[in-house]
Amino acid sequence: MQRPFIWAHRGASKFAPENTMAAFSAAVELGADGLELDIHLSRDGIPVVIHDESLERTTDGQGLVADASLEQLQQLDAGGWFSPEFIRAPLPTLAEVLSAFTGKLSLNLELKEFSTGVEVLSLLRQHPDAEIIISSFDYDLLKGLRSLNEALPLAVLFDDGNWRQAVRFANEISACAFHPADNLVCRRMLSACRKLGLPVSVWTVDRPEQARSLVRMGVSGFFTNDPGALLSARPTLVSPL
């Protein structure tokens with residue numbers, strides 16, 4: 001019997017502004033198994049940790065991440081929108097996250113563009129000990145990264161369409177995991193993944209009672225904004241499989 005792997009979604013984003021060092025540090029303190037974070041490139045090609053391609057929702061900046069230099073991005077406030085406690089929290093670079101958390105827990109890097117993936121692969125060569133998974137909704141991106149690196153751990157994100165095709169694609173690229181939205185999980189999907197030896201981690205699950213139900217179905221991990229809640233309940237989150 002195995003207990004599920006707990007990914008802190010954009011860090012412990014219930015308690016600190018998403019995709020900031022404060023959120024990642026909070027996840028470590030709570031005991032999360034891994035961090036999930038999102039990457040975009042600055043104008044000068046530096047991988048920066050932020051979910052949206054635009055700045056307005058989670059910073060005091062405007063416009064696209066890709067139109068701003070790293071120097072400009074690092075002057076933004078990425079925490080004041082969440083709470084006055086976090087005013088002036090900066091946007092971290094992926095290099096900063098790798099330096100701070102390699103060896104402490106796993107990192108799930110969600111990518112939106114292939115060009116970002118190329119820069120991320122280059123950066124990862126400087127951090128050979130980092131335990132990472134690269135995930136994406138963009139299947140062409142994942143296929144392109146697989147062509148560049150046969151051993152790269154890849155995960156297929158799924159939120160729409162035919163799950164059978166998505167699972168088949170995951171098998172074709174030798175993905176290490178399948179990551180569906182919580183409302184799309186079904187027993188047939190989990191059975192198909194189990195036959196392929198493909199672990200399933202579900203997003204985004206914050207309630208222990210939902211997690212218990214999904215574990216009984218055979219889910220092996222969760223992405224959560226509230227890792228503390230799921231970690232506290234983890235003794236009861238035991239798969240019968």
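Looking at residues two or more places apart in sequence or on another chain, you find a ring pair (Phe, Tyr, Trp, His ring centres under 6.0 Å) between Tyr139 and Phe169. For Asp38, the salt bridge (charged side-chain N to carboxylate O under 4.0 Å, His left out) partners two or more places apart in sequence, or in a different chain, are Arg10, Lys112. By the salt bridge (charged side-chain N to carboxylate O under 4.0 Å, His left out) test, Arg187 is found to be paired with no residue, residues two or more places apart in sequence or in another chain being considered.
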Stepwise, does the side chain to side chain contact (heavy atoms under 4.5 Å, CB included) test hold for Leu152 with Arg146? CA-CA 7 Å; Leu152 188 66; Arg146 173 58 74 227; 3.8 Å; yes
Before giving the answer on side chain to side chain donor-acceptor pair (under 3.5 Å), spell out for Thr236 and Arg212 the whole-Å C-alpha distance, their side-chain angles and the decisive distance to 0.1 Å. CA-CA 7 Å; Thr236 67; Arg212 290 189 191 97; 2.9 Å; yes
Could you give me the CA-CA distance, side-chain angles and deciding distance for Leu91 and Val65, then say whether side chain to side chain contact (heavy atoms under 4.5 Å, CB included) is met? CA-CA 11 Å; Leu91 287 176; Val65 177; 6.0 Å; no
Decide side chain to side chain contact (heavy atoms under 4.5 Å, CB included) for Phe114 and Lys143; before the verdict, give the C-alpha distance in whole Å, the side-chain angles of both, and the deciding distance to 0.1 Å. CA-CA 10 Å; Phe114 180 71; Lys143 189 182 298 183; over 6 Å; no
Could you please spell out the steps behind the side chain to side chain contact (heavy atoms under 4.5 Å, CB included) verdict for Ile39 and Val49? CA-CA 5 Å; Ile39 313 297; Val49 181; 4.0 Å; yes
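Taking CZ from Phe5 and CG from Asp33, the interatomic distance works out to 4.5 Å, rounded to the nearest 0.5 Å.
No donor-acceptor pair under 3.5 Å is formed between the side chain of Glu56 and the backbone N or O of Gly61. Here the side chain of Arg88 pairs no donor or acceptor atom with the backbone of Gly79 at under 3.5 angstrom. With hydrogens and angles disregarded, no donor-acceptor distance shorter than 3.5 Å links the side chain of Ser69 to the backbone of Asp44. A donor-acceptor distance shorter than 3.5 angstrom exists from the side chain of Asp60 to the backbone of Asp77, with no hydrogens or angles considered. Judged by distance alone, the side chain of Thr93 and the main-chain N or O of Glu96 form a donor-acceptor pair under 3.5 Å. For Ser147 (side chain) and Gly144 (main-chain N/O), a donor-acceptor pair under 3.5 Å exists by modelled atom type. A donor-acceptor pair is defined here as one N or O able to donate and one able to accept, closer than 3.5 Å; such a pair exists between the side chain of Arg234 and the backbone of Pro4.
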Output a table of donor-acceptor pairs, distance under 3.5 Å, between side-chain atoms of residues 155-168 and any protein atom two or more places apart or on a different chain; print 'none' if there are none.
residue	atom	partner	partner atom	Å
Asn162	OD1	Arg164	N	2.8
Asn162	OD1	Gln165	N	3.2

Please list every donor-acceptor pair under 3.5 Å in which a side-chain atom of residues 121-130 meets a protein atom from a residue at least two apart or in another chain.
none

With a cut-off of 3.5 Å and sequence neighbours excluded, list every side-chain donor-acceptor pair involving residues 200-211.
residue	atom	partner	partner atom	Å
Trp203	NE1	His179	O	3.0
Trp203	NE1	Pro180	O	3.3
Asp206	OD1	Thr224	OG1	2.8
Asp206	OD1	Asn225	N	2.8
Asp206	OD2	Asn225	ND2	3.2
Arg207	NH1	Glu209	OE2	3.3
Gln210	NE2	Asp182	OD2	2.8

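Ala78 and Thr20 get closest at one heavy-atom pair: O-CG2, 3.9 Å.
Both Leu55 and Ile46 are members of a single hydrophobic cluster when ILVMFWY side chains are connected at heavy-atom separations under 4.5 Å. The hydrophobic cluster containing Phe24 also contains Ile132, counting ILVMFWY residues as joined when their side-chain heavy atoms lie under 4.5 angstrom apart, directly or transitively. Follow the hydrophobic side-chain contacts under 4.5 Å out from Leu237 and you never reach Trp7; the two are in separate clusters.
Salt bridge annotation for Arg57-Glu18: present, with a cationic side-chain nitrogen under 4.0 angstrom from a carboxylate oxygen.
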